2 protein chains.
Amino acid sequence: MDNVNLKRLAKELNLAVSTVSRALRDSHEIGKETKERVRALAEQLGFQPNPHASSLRQNKSKTIAVIVPEVENNFFSQVINGIESVAPTKGYHVLIYLTHEDFKKERDILQLLRNGRVDGLMLSLSNTTSSFGHLEAYRQAGIPIVLFDRVCETIEDVPMIITDDAEMGYRATEHLIKKGCNRVAYLYPAGESSIAIRRGTGYQNAIGKYQPKQKPLFIECSTNDAQNQQVIRKLLRNKKERPDGIFAAIEKLAVNTYEVCHELNLSIPQDLKVISFSNLRAAALFHPPLSSIVQPAYEIGRESATILFKMIEKKLLLPNEKKIILPSKLIERASTADS
Amino acid sequence: MDNVNLKRLAKELNLAVSTVSRALRDSHEIGKETKERVRALAEQLGFQPNPHASSLRQNKSKTIAVIVPEVENNFFSQVINGIESVAPTKGYHVLIYLTHEDFKKERDILQLLRNGRVDGLMLSLSNTTSSFGHLEAYRQAGIPIVLFDRVCETIEDVPMIITDDAEMGYRATEHLIKKGCNRVAYLYPAGESSIAIRRGTGYQNAIGKYQPKQKPLFIECSTNDAQNQQVIRKLLRNKKERPDGIFAAIEKLAVNTYEVCHELNLSIPQDLKVISFSNLRAAALFHPPLSSIVQPAYEIGRESATILFKMIEKKLLLPNEKKIILPSKLIERASTADS
DNA sequence: CGCGCTTACGTAATCGTTTGCGCAGAAATT
DNA sequence: AATTTCTGCGCAAACGATTACGTAAGCGCG
């Protein structure tokens, strides 16, 4: 027996296991001197309580799960960073899972975690998720769950942390129009993603307000770069009806747009102005620098984690903590300069 | 008692707990019919074995840890993605920890995990890590550990997965020289990072070979953007001795270089050619597109995880699995075009 | 002096799962 | 027919930490 556990400590100190346990947890039932002896030996032997035994007994895992569609994405990376800025201070560990935008995986992962492995979870929905039974099951099992960014508005009593997507969609479109665009297209990823819908709503409202005669131009894209380039190519080749402004719901689509523009020798912003949601710092180095709507990703992570821990600690959530909307920023760069 | 556990199943089926357990694990000792009954009820009640009880009993956690300096970095994101492509297929969960380039945090995290919470861990060292006792302790405790990218060459029997940094450092420098650079500077992050050293070695060798009269120009940078810009500004303002080529060890420093060039109205590649290690897809969209050395990040993650699981499964590692060197790619773009 | 109370610790049950061992009855072997 | 071998299942002891409860000594108090 070379593992150092309570039994080992107890034997070496001629104490009962329970005494050692209590001493280490600083119980008032244990004498000061004994506590010192225990602590000293524990320190010396590098004792670390077995987390599985603790978890089993106390029925809590000191672990939360973060489930995101992908991680190769500045937004989600920053969110994770934000979460990680909170979890360790609470003594919590962070499990990470990727759905790869696949509803089945999302459902399976949630199923997998319904057994006490985690005390709570934070989730940003895959864009193929259109039913929410897997969430409902959690709610009923009483496992705290928080949604962020890509949420589901119809489910009750699940806090959500989002950004002002519709507002920023409106402002992005408005920005393009004020810079002289007469025909703004909205590029968005196919699927059920709540953000694409909210951003599209803002887009539509802005068109409705400033160019009521225009028919909104919703361009559905996919997750495949080649396909997206094809779609964008077709859009921009159409001489007569070519848009002169593009509002991309996600960074990836702005990148695709840039790629096609280079290919077709269209210059931004003269021939086409582009703005996009993006958390990429290097967007400022693009040719030309990309006007961006930057989401407070780190804060989303922090807020989400903070709310989740409140729930885990059974604190009551204030009404305004059930739906938190954090403001994004519009950063104007050369891709939407006057031409 | 509304939790569904073995006891509950056993009671409802009039069986012993052990029988139920064995039935679910498909033991040959259990009759076919009984197995069916058990499985049916388990399915119906949505039974999920308690992972803490299992872990406690079997002394394994079905969990690995990934410890990286940061996550807001395409390289590490891709590595995590690669790891995640393996772990679930082995039934494993992935804990993530960030050191934020802080040795103390790294040490504390490793300390925290020495209690059975994980069956193994994958680590990329912080750049402030210069002693390795915390790793040694793991090796002695017999917990499998794999190093990737930022490794430590002096520790024995810890497999490492790295890229051909010195070789690519050489080729990057060579590339700049062949494109006409007469004075190439090497920008690298301060600290102990093994990659910065290996890349620098390649740089030095190339200078030694092609421009033996030149003194290598090692420019030490930090993690602070403003400071780095200051350093680079100073470097580039020096009219007489201004370098005409920059090889950046990490993406961040290439970004800083671009920023300063914009500021000083230096044009790339005419006034200065730039090449950098970078896994940023959008590097192709920079102004001008950034010549990059792209590391096989996803594969590094996959390989590391594969090796780790071999160790966890107590399989013997082949000699060539103890140090795996994966090739990077040099992608030539406009930032190093002939001027 | 006897009663209760506090202090400081020990005993043992518990969390849920796994697994060595035991033990019937049935089947197969001699 | 007597013995061995399976087959199928139950009993109970782990794993390591936590905690309700028990208990002995020491103390104050009437």
Side-chain angles (χ1 to χ4, degrees), chain A residues 1-39 41-42 45-63 91 112-119 141, chain B residues 1-39 41-42 45-63 91 112-119 141:
Chain A
M1 166 127 72
D2 63 337
N3 324 2
V4 19
N5 50 27
L6 288 186
K7 204 190 292 184
R8 164 93 176 277
L9 293 180
K11 191 173 290 177
E12 302 218 1
L13 292 166
N14 255 326
L15 288 172
V17 171
S18 57
T19 306
V20 177
S21 174
R22 277 190 269 251
L24 289 172
R25 321 186 98 245
D26 203 25
S27 160
H28 62 275
E29 301 189 59
I30 303 300
K32 209 174 173 185
E33 200 181 329
T34 308
K35 276 186 191 170
E36 275 315 315
R37 284 177 58 217
V38 172
R39 268 201 279 259
L41 187 65
L45 298 183
F47 170 74
Q48 290 278 107
N50 182 309
H52 304 119
S54 299
S55 294
L56 176 59
R57 179 61 222 256
Q58 307 199 69
N59 202 25
K60 54 178 164 167
S61 62
K62 285 283 180 179
T63 305
L112 204 63
L113 296 177
R114 279 179 54 192
N115 54 11
R117 188 177 288 275
V118 297
D119 294 344
Chain B
M1 165 127 71
D2 63 337
N3 322 3
V4 18
N5 50 25
L6 288 185
K7 205 190 291 184
R8 165 93 175 278
L9 293 180
K11 192 173 290 177
E12 301 216 3
L13 292 166
N14 254 326
L15 288 171
V17 170
S18 56
T19 306
V20 177
S21 173
R22 278 189 265 252
L24 290 172
R25 322 187 97 241
D26 204 26
S27 159
H28 61 276
E29 303 189 57
I30 303 298
K32 207 174 175 185
E33 203 181 328
T34 309
K35 276 186 191 171
E36 275 315 315
R37 283 176 59 219
V38 172
R39 268 201 280 259
L41 187 66
L45 298 184
F47 169 73
Q48 292 276 108
N50 182 308
H52 304 120
S54 297
S55 294
L56 176 59
R57 179 61 224 250
Q58 307 197 74
N59 201 25
K60 54 178 166 171
S61 60
K62 285 282 179 182
T63 305
L112 204 64
L113 296 177
R114 278 180 53 191
N115 55 11
R117 188 178 288 275
V118 298
D119 295 344

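Since the structure is predicted, the reported quantities are computational estimates derived from the model, not experimental observations. Residue numbering restarts at 1 for every chain, and letters A, B, ... go by the order of the sequence lines.
- Phosphate proximity of C:dT17 to B:Lys7: absent, as no side-chain N or O sits under 4.0 Å from OP1 or OP2.
- Rounding to whole angstrom units, NZ of residue B:Lys60 and P of C:dT17 are separated by 16 Å.
- Distance, A:Gln48 CD to D:dA17 C1': 14 Å, rounded to whole Å.
- The two residues A:Asn115 and B:Gln48 have their closest heavy-atom pair at CB-CB, 3.5 Å.
- Taking 4.0 Å as the cut-off between side-chain N and carboxylate O, B:Glu33 and B:Arg37 do not count as a salt-bridged pair.
- Taking atom CG of residue B:Leu6 and atom P of nucleotide D:dG10, one finds them 13 Å apart after rounding to whole Å.
- Residues A:Phe47 and A:Leu41 fail the side-chain proximity criterion, which asks for heavy atoms closer than 4.5 Å.
- Residues forming a side chain to side chain contact (heavy atoms under 4.5 Å, CB included) with B:Arg39 (at least two apart in sequence, or on another chain): B:Leu24, B:Asp26, B:Lys35, B:Glu36.
- When all heavy atoms are compared, the tightest approach of B:Ser55 to B:Ser61 is OG-CA, 3.6 Å.
- The A:Asn50 side chain lies nearest to D:dA17 when the options are D:dA17, C:dG16, C:dT19.
- Considering only side-chain N and O atoms, B:Asn5 lies nowhere under 4.0 angstrom from the phosphate OP1 or OP2 of C:dC15.
- For B:Gly31 and A:Gln58, each mapped to the nucleotide of DNA chain D holding its nearest heavy atom, the one lying further toward the 5' end belongs to B:Gly31.
- In this structure, A:Phe47 atom CZ and D:dA17 atom C1' are separated by 8 Å, rounded to whole Å.
- Atom CG of B:Leu13 and atom P of D:dG8 are 17 Å apart (whole Å).
- Contacts of A:Ser54 with the nucleic acid, taken as non-hydrogen atoms under 4.0 Å apart, involve only primed sugar atoms and P, OP1 or OP2.
- Nucleic acid contact class of A:Asn14 (heavy atoms, under 4.0 Å, all strands): sugar-phosphate only.
- Minimum atom distance to the side chain of B:Ala53 is reached by C:dT17, of the listed C:dT17, D:dC9, C:dG10.
- Side-chain atoms of A:Arg22 come within donor-acceptor range of the base of C:dG10, with a qualifying N/O pair under 3.5 Å.
- With hydrogens and angles ignored, no donor-acceptor pair closer than 3.5 Å exists between the side chain of A:Ser18 and the base of C:dC9.
- For B:Asn3, a side-chain nitrogen or oxygen approaches OP1 or OP2 of C:dG16 to under 4.0 Å.
- Phosphate proximity of D:dC9 to B:Thr34: present, with a side-chain N or O under 4.0 Å from OP1 or OP2.
- The two residues B:Leu56 and A:Ala53 have their closest heavy-atom pair at CD1-CB, 3.9 Å.
- As rounded to whole Å, 19 Å separates atom C1' of C:dC9 from atom NZ of A:Lys11.
- Residue A:Leu15 contributes atom CG, which lies 10 Å from atom C1' of C:dG10 at whole-angstrom precision.
- Whole-Å rounding puts the A:Lys62 NZ to D:dA17 C1' distance at 15 Å.
- An OP1 or OP2 oxygen of D:dT19 is reached within less than 4.0 angstrom by a side-chain nitrogen or oxygen of A:Arg25.
- Each of B:Glu29 and B:Leu56 was assigned the nucleotide of DNA chain C with the nearest heavy atom; the assignment lying further toward the 5' end belongs to B:Leu56.
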